[in-house]
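Comments concern the structure below.
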Number of protein chains: 2
Amino acid sequence: MKGEKQEIHHTKPIRCIVKLGGAAITCKNELEKINEENLDIVSSQLRQAMMPGWSSSMKVLGMDWSKRHGESEVSGNIEDFVHNANVDSSRFVVVHGAGSFGHFQASKSGVHKGGLDQSLVKAGFVATRISVTTLNLEVVRALAREGIPSIGMSPFSCGWSTKEKNIASADLAVVDKAIDSGFIPTDVFGVYDRPPTEPNAVLLREIAVGKDGKWSVVKPELQNMDKQVQTTVAAHDTTGGMETKIAEAAMIARLGIDVYIVKAATNHALRALSGELRDNIPDDWSGTVIRFVS
Amino acid sequence: MKGEKQEIHHTKPIRCIVKLGGAAITCKNELEKINEENLDIVSSQLRQAMMPGWSSSMKVLGMDWSKRHGESEVSGNIEDFVHNANVDSSRFVVVHGAGSFGHFQASKSGVHKGGLDQSLVKAGFVATRISVTTLNLEVVRALAREGIPSIGMSPFSCGWSTKEKNIASADLAVVDKAIDSGFIPTDVFGVYDRPPTEPNAVLLREIAVGKDGKWSVVKPELQNMDKQVQTTVAAHDTTGGMETKIAEAAMIARLGIDVYIVKAATNHALRALSGELRDNIPDDWSGTVIRFVS
């Protein structure tokens, strides 16, 4: 065997886990509608972050060769691959929320509460999965159009299962590798001290997590702030709302993995993806960083 | 724990593996087009075979609650579930071919020959998977509309991989359970002694497989038949053609699992699904049975 061939089998570390918020990539108030514009920008930013060797003079080599709605021809530029060098890309894991996909089916059937022995819940499980798979396929296609070799994977197909809303069993072969940083966009700039629609809401720019897993706001230094930060929990959010998401981000940060919560499809998101915020958070950056402080 | 609750965790044997041929559920000569009519009939026949307790006076409880193309409302009858008893269904595994999905992407990139270190092959892998996932989602939706609680599973997501076109690794937890019978439809009535478009082609109604794995035609008793039966191999069929499919059916039959090759969406298919052919093949049934003879 040649050394060159062997290198392919080396496992490169995962650089980043990106979670795209459901509200960022779908139109949350319109049933099963994708926010095409945001999804395209997000996909383009991910390409830029993943492929540092890529320059604007190079063609984007799209990998979605399927027909698009209303077209009879495939939309690929297959011949381009033959004449182009392989651009090395760092390994990203992209996770996404459901937004206006799946929530309707899940809340109608109560599938998130369990009870698959009931026919309504079982039907809701099937219906929810159809809806979120439709979204997942469109996310994969958007990434592929940007030349990102993405593969959709369903937690269910991977043998994951939950109990009491926590993961009960999971094959972590893909996920347990070294991870550098986490990143979670929502439809606002980051986490606020109260619902961001309120006029005096303050963006929490830095949250520190201690050894005991407890978190506290470091920047800005807030006066008269309640110990318990108010956060929005939309009534229809079957996946738990902001409070749960911060608690989960704190658990990740405690492992030494920085978590960025930023607004998708903005320059702030691109800067977080690029890694430039790892040592210092500049004043002109809007977002929330959650990290471990020993 | 109640006895009733415990029963859910008992593993029922899988009654049947149904393979839907790509040519049966898609329009093979039109890129990425589903044969909606056939797919609907096939799904309805599967419901009838799976739910022997279902009667025509009962409502079909559709499980696809997603919007259909061009509609703004979901197409579910969710309230019906509350008032309906759970109809017990036997366990089927449904597998399907790709037809006019995936083949274009696979053959353009040569992905079926391997070589994922080449950028064209890697892109072809992504593009093929997008195309076949689109088809799979539509098959799942068609089954769900008939009230069949179906879950799409990709071999890739299950950790399957191939080497030299054979399965190299697979988590068989789902598949290695007891299986009663196999069933593989194509776009003709069954397997013929020569390309079925030729005027003198004879349908092979029964093929016997011996302990050594070799197969021979039992019915009809053919005169002057070549030892090697001629079969059609379409030039663009990246998955191997009829010869490979018969050889694989013979391998299954050797395990004591009957294999039926029938035309999808016909009464012959429904009769095979119902199990009525297990002891005797009636003269008015058109199809091919491949089974083990000790």
Side-chain angles (χ1 to χ4, degrees), chain A residues 4-5 7-8 30-33 61-67 69 72-74 76 78 81-82 84-87 101 104-105 108-109 116-131 133-134 136-137 140-141 143-144 147-154 156-159 171 173, chain B residues 4-5 7-8 30-33 61-67 69 72-74 76 78 81-82 84-87 101 104-105 108-109 116-131 133-134 136-137 140-141 143-144 147-154 156-159 171 173:
Chain A
E4 195 188 47
K5 279 253 170 188
E7 222 165 40
I8 299 151
E30 195 170 337
L31 182 72
E32 297 188 341
K33 188 162 168 61
L61 300 176
M63 296 181 179
D64 177 9
W65 305 345
S66 284
K67 284 196 297 189
H69 288 314
S72 60
E73 295 280 305
V74 294
I78 299 163
F81 281 92
V82 184
N84 268 276
N86 208 344
V87 176
F101 289 76
F104 165 79
Q105 291 85 354
K108 274 278 176 183
S109 60
L116 271 177
D117 52 324
Q118 297 159 48
S119 60
L120 174 63
V121 176
K122 189 189 263 184
F125 183 87
V126 172
T128 304
R129 198 153 189 273
I130 286 171
S131 186
T133 304
T134 304
N136 177 255
L137 182 57
V140 167
R141 292 184 72 173
L143 296 171
I148 299 168
S150 60
I151 295 294
M153 299 190 80
S154 140
F156 179 85
S157 297
C158 297
D171 178 0
Chain B
E4 195 189 48
K5 278 251 168 184
E7 221 164 43
I8 298 150
E30 196 170 337
L31 184 71
E32 297 188 341
K33 188 161 168 63
L61 300 177
M63 296 180 179
D64 177 9
W65 305 344
S66 285
K67 284 196 296 190
H69 289 315
S72 60
E73 296 280 305
V74 292
I78 299 162
F81 282 93
V82 184
N84 269 276
N86 207 344
V87 176
F101 290 75
F104 166 78
Q105 291 84 356
K108 274 279 178 185
S109 60
L116 272 176
D117 53 323
Q118 298 159 48
S119 60
L120 175 63
V121 176
K122 189 189 264 183
F125 184 88
V126 172
T128 303
R129 199 151 186 274
I130 287 170
S131 186
T133 303
T134 304
N136 178 254
L137 182 57
V140 167
R141 293 184 71 173
L143 295 172
I148 299 168
S150 59
I151 296 293
M153 299 190 80
S154 139
F156 179 84
S157 297
C158 297
D171 178 1

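Since we're looking at a predicted model, the values are computed, not measured. Order of the sequence lines sets the chain letters (A, B, ...), proteins ahead of strands, with each chain counted from 1.
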Practice problem: Measure the spacing between CZ of B/Arg141 and OG1 of A/Thr133 and express it to the nearest 0.5 Å. | Solution: 10.5 Å

Practice problem: Name the region of A/Thr128, side chain, backbone, both or neither, that has any atom closer than 4.5 Å to a heavy atom of chain B. | Solution: neither

Quiz item: Which atom pair, heavy atoms only, marks the closest approach of A/Trp65 to B/Phe104?
Solution: O-CE2, 4.2 Å

Practice problem: For B/Ser131, check side-chain hydrogen bond (donor to acceptor under 3.5 Å, both in side chains) against everything at least two apart and list the hits. | Solution: B/Glu32

Exercise. Not counting sequence neighbours, which residues clear side chain to side chain contact (heavy atoms under 4.5 Å, CB included) with A/Val126? List them please.
Key: A/Ile130, B/Met63, B/Ala144, B/Pro149, B/Ile151

Quiz prompt | Spacing of NZ belonging to A/Lys122 relative to CG belonging to B/Leu61, to within rounding of 0.5 Å | solution = 12.0 Å

Quiz item: Which bit of A/Leu137 is near chain B, if near means a heavy-atom gap under 4.5 Å: side chain, backbone, both or neither?
Solution: side chain

